[in-house]
Each structure stands twice: as structure tokens, then as C-alpha cells.
Number of protein chains: 2
Amino acid sequence: MNKSKPSNRKRIVELANRLFYEQGYNQTSFSDIAERLHISKGNMTYHFHSKDELLHAVIEYRMEQIRETLRDWKEQYPEPLDRLKRFVTMLLNEADDLVDCGCPMGSLNAELGKTQRNIQKESRQMFDLFRQWLDEAFAQLGYKDFGKKSMHLLSMAQGAALMSYVYADPEIIDVECQYIIEWLDSMDAQ
Amino acid sequence: MNKSKPSNRKRIVELANRLFYEQGYNQTSFSDIAERLHISKGNMTYHFHSKDELLHAVIEYRMEQIRETLRDWKEQYPEPLDRLKRFVTMLLNEADDLVDCGCPMGSLNAELGKTQRNIQKESRQMFDLFRQWLDEAFAQLGYKDFGKKSMHLLSMAQGAALMSYVYADPEIIDVECQYIIEWLDSMDAQ
DNA sequence: GTCTATAAGAAGATAGAC
DNA sequence: GTCTATCTTCTTATAGAC
């Protein structure tokens with residue numbers, strides 16, 4: 001009874017997730033979503049009393065997706081270095097989207113941080129999931145300063161995503177990922 | 001006759017420059033600016049027929065500031081490596097603003113890229129100024145792949161700015177700048 | 001759960017007086 | 001150059017019928 005017919009609530013969350021990414025949170029209205037879903041705005045309001053509430057649901061949705069992904073990667077790659085490289089491969093795989101819309105986590109946080117710090121703090125938790133996961137991998141490699149290394153990896157990934165987005169150029173992702181891989185390999189060699 | 005009384009046009013551009021940075025472009029209205037300047041909205045429209053036109057002026061304004069800064073740094077630091085390090089020092093000096101509002105170039109481009117790619121391409125020219133300036137420094141150091149290195153430096157700087165902004169933590173800037181300086185020094189040693 | 005209707009406000013932009 | 005007044009459209013949100 002889960003696959004039968006997706007509830008309108010779920011359809012709203014999934015479309016909002018996509019539009020918040022493609023157009024930004026503030027540039028996406030209830031009308032946008034209602035029209036594309038062929039439902040009324042009143043229906044939207046029934047499911048989500050405010051836009052903040054919808055954003056909250058979208059963040060929850062993304063968090064769950066991230067948890068699943070990280071869980072899968074952990075199963076598939078027992079070796080910590082392989083896991084770290086899998087993270088980099090994600091950037092290469094998602095290059096097209098990154099170039100078009102930026103990083104889903106980075107761009108949302110960037111937008112919300114300006115005038116909606118309260119919700120941004122919630123949105124930041126997506127990064128926390130990655131940090132925790134990366135921490136574990138670096139710790140397994142024997143590094144005491146795993147927190148510092150996780151942040152550096154996230155930071156380089158965000159830089160790559162942003163610059164490739166600014167110049168709409170996937171080549172930037174490629175080159176920056178080479179730098180990241182070099183950095184990971186140089187650590188392993190020590 | 002330049003210092004006497006700043007024209008309203010200039011006051012508008014300078015306040016818009018600040019508010020676009022602090023609140024974002026889409027979150028800043030003509031009314032916002034008019035109220036704070038104690039002028040009418042009609043006056044705003046007289047000087048800038050559209051909001052895009054105002055943004056255009058703000059980008060011009062920022063570009064000129066960047067040109068001046070880069071010109072000064074070039075005079076003050078004849079050695080290319082010193083210039084590159086001066087760029088990193090800027091991040092440390094501006095840490096408070098970066099933590100509060102992100103990078104003025106990165107956050108504006110990130111915002112505009114989603115739904116206003118045309119203006120974003122104009123805004124991207126701010127990055128071009130830095131790229132050109134960094135290219136010259138890396139080229140002077142003898143590197144054939146100066147373009148790649150400039151982009152990597154910008155990318156790391158943007159990553160540091162974004163992550164410190166996401167976590168509202170200036171410490172992240174410090175640590176990431178150490179990584180950048182290490183990278184610069186490792187190149188010099190070769 | 002879903003709809004229509006509508007409120008109440010803010011946005012960008014225009015017209016015309018001074 | 002600066003102002004007031006107004007238009008139009010879009011926004012979030014509410015009320016109440018089905």
C-alpha cells in the first residue's frame with residue numbers, strides 16, 4: 001500500500017524538493033507547485049500550513065535520501081579510502097546537475113543564510129550527515145584530526161560545485177576532483 | 001566637487017550594494033532601499049528604471065572596487081607568491097563578513113544562477129577579474145597551467161567562505177586558509 | 001482531502017504634478 | 001530630481017462549501 005498511488009502530500013514534497021533546487025526556495029511559490037500538480041492552492045495549504053513547514057518537510061526528505069545513500073556506500077565500500085573516493089565520484093556523476101543548479105545542500109544553505117538563519121540551521125544538518133560519515137572514514141584511516149579533514153573535503157567539494165556552477169562548466173568539476181583525489185592519495189601514502 | 005554631497009544615485013547604489021550582500025538580491029526591494037534612504041520609490045525609479053538596471057550598477061560598482069584592490073596589491077607586492085598570499089590574507093581579514101553573509105561574489109552568483117542566468121553571467125565577471133590577476137601571478141611563477149591553478153585557488157577560497165558561512169564559524173576560514181597556504185608553499189618548493 | 005473564493009499585503013513599475 | 005498616487009500582478013494565508 002506504499003507504491004499504489006502516491007499521496008498528494010508526497011507529490012508536493014517531491015516536486016518542492018526539485019523546484020527548491022532548480023529555482024531556489026524564495027523563487028518557488030505555492031502556485032508554482034499547485035499548477036504543475038494540477039491541484040488547488042487550498043489543497044497545498046491543507047497539507048502544509050506555511051511555506052516554512054513545506055521547506056521543513058523537504059529538508060527531512062533530503063536528509064532521509066542522504067542517510068540511505070551514505071548507508072549504501074558504507075556497505076559497498078568497507079575500505080575507508082574507497083568510501084572517500086566514492087564521495088568524490090558522486091561529484092563527477094552529478095556534474096550536470098551541479099553545473100545547472102549548484103549543490104543542493106550548498107545552494108539551499110547559501111540562500112537561507114541571508115534572511116532565514118533559523119531554517120538554515122535546520123538545512124545545515126544535511127552537511128552534518130556528511131561530516132559524521134566522513135569523520136568516520138578519516139578516523140578509520142588513523143587520523144586524529146578527522147574533523148579538520150572532513151571539513152576540508154567538504155569545503156573543496158563545495159568550492160568545485162560553486163565554481164562549475166558559476167561558469168556553467170563541468171570541466172571545472174573534473175579538474176577540481178583530480179586535486180581532491182591527489183590530496184586523498186597523498187594522505188594515504190604517508 | 002566629488003566629495004561635497006553624494007548624489008542620491010550614488011547613495012542608492014552604495015546601499016543596494018550592501019543590502020544585496022546582506023539580504024540577497026531577491027530579498028531586497030526598492031521600498032527597502034527607499035525607506036532607509038528617506039527618499040520615495042518614484043525617485044528610485046527615476047534613477048533606475050528597473051531592478052535589473054540597479055543590479056547592473058551595483059555589479060559595475062563592485063567591479064571597480066575589485067579593480068582598485070587588485071591594482072593596489074600588484075603595486076604593493078612585486079613578488080607573485082606574495083600577491084597570492086595577499087589574496088589568502090583577504091579571506092582572513094574579511095572573516096567576519098564571510099561568516100555573516102558569505103562571499104559577495106559567490107553568494108550573488110549562486111543566487112542569480114538559479115533563475116536569472118543572464119544577469120549572473122554579468123556578475124560572473126567579478127570572478128574573471130580575480131582569475132586574470134591570479135593567472136598573471138601563477139604565470140610569473142613559471143607555471144604553464146596557471147589557469148588551472150587560479151581556478152583551484154578560487155575554488156578553495158569559495159569552499160572555505162561557504163562552509164564558514166553555513167556553520168557561522170570563522171575558525172573554518174582559518175583552517176582552510178592554512179591548507180591553501182600549504183598548497184602555495186608546496187608549489188614554491190618545487 | 002479537495003475545492004473555490006477571497007483577503008491582505010508587498011512587489012516592480014508607470015504617470016504626472018511640482 | 002523628487003514627490004505622490006496608482007496600476008497590476010504575485011505572494012502567503014484564511015474561510016467555508018463539498
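Letters A, B, ... are given to chains in the order of the sequence lines, protein chains preceding strands, and every chain is numbered from 1.
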Open item on the list: Going by side-chain contact (heavy atoms from CB on, under 4.5 Å), name the residues that satisfy it together with A/Phe146, two or more places apart in sequence or in a different chain.
Closed with: A/Asp135, A/Phe138, A/Ala139

Task: Nucleotide D/dC3, atom C1' - distance to NE2 of B/His47 in whole Å - done: 12 Å

- [ ] Could you check which of D/dT2, C/dC3, C/dG1 has an atom nearest any side-chain atom of B/Tyr46?
- [x] D/dT2

Open item on the list: Check this for me: does any side-chain nitrogen of one of A/Glu75 and A/Arg71 sit under 4.0 Å from a carboxylate oxygen of the other?
Closed with: no

Open item on the list: Do A/Leu19 and A/Val13 land in one hydrophobic cluster if side-chain heavy atoms of ILVMFWY residues count as linked below 4.5 Å?
Closed with: yes

Open item on the list: If you apply the rule side-chain contact (heavy atoms from CB on, under 4.5 Å), what do you find for B/Val88 with B/Cys177, and how did you get there?
Closed with: CA-CA 7 Å; B/Val88 180; B/Cys177 282; 3.7 Å; yes

Open item on the list: My understanding is that only residues two or more places apart in sequence, or in another chain, count here; which of them pass salt bridge (charged side-chain N to carboxylate O under 4.0 Å, His left out) with B/Lys51?
Closed with: none

- [ ] State whether A/Arg67 and A/Glu64 are salt-bridged, where the test is any N-O pair (Lys NZ or Arg NE/NH1/NH2 against Asp/Glu carboxylate O) under 4.0 Å.
- [x] yes

- [ ] In plain terms, say whether A/Glu22 and A/Arg18 are close enough for a salt bridge, that is, a side-chain N and a carboxylate O under 4.0 Å apart.
- [x] yes

Open item on the list: Please determine whether a side-chain nitrogen of the Lys or Arg among A/Asp145 and A/Lys149 lies less than 4.0 Å from a carboxylate oxygen of the Asp or Glu.
Closed with: yes

Task: Shortest non-hydrogen separation from B/Tyr165 to B/Val99 and the atoms involved - done: CD1-O, 3.5 Å

Open item on the list: With a 4.0 Å limit, can you tell me whether A/Asn8 has a side-chain N or O closer than that to the phosphate oxygens OP1/OP2 of C/dG1?
Closed with: no

- [ ] Measure the distance from CZ on A/Arg11 to C1' on C/dG1 and round it to the nearest whole Å.
- [x] 13 Å

Task: Near-strand residues of residues 110-122 of chain A, defined as heavy-atom separation under 4.0 angstrom from DNA chain D - done: none

Open item on the list: Check this for me, if you would: do B/Lys74 and B/Glu136 make a salt bridge, where the nitrogen-to-carboxylate-oxygen distance has to be below 4.0 angstrom?
Closed with: yes

Task: Rounded interatomic separation in angstrom, taking CD from A/Gln23 and P from D/dC10 - done: 14 Å

Open item on the list: I need the CD1-C1' distance between A/Ile12 and C/dT2, as an integer number of Å.
Closed with: 11 Å

Task: Pairs involving residues 88-116 of chain A, ordered by first then second residue, that meet salt bridge (Lys or Arg N to Asp or Glu O under 4.0 Å) (sequence neighbours left out) - done: none

Open item on the list: One character per nucleotide, please: for nucleotides 4-18 of chain C, 5' to 3', B when the base has a protein heavy atom closer than 4.0 Å, S when only the sugar-phosphate does, - otherwise.
Closed with: B------SBBB----

Task: Helical bend (five base pairs per end, nearest 10°) for the helix from C/dG1-D/dC18 to C/dC18-D/dG1 - done: 0°

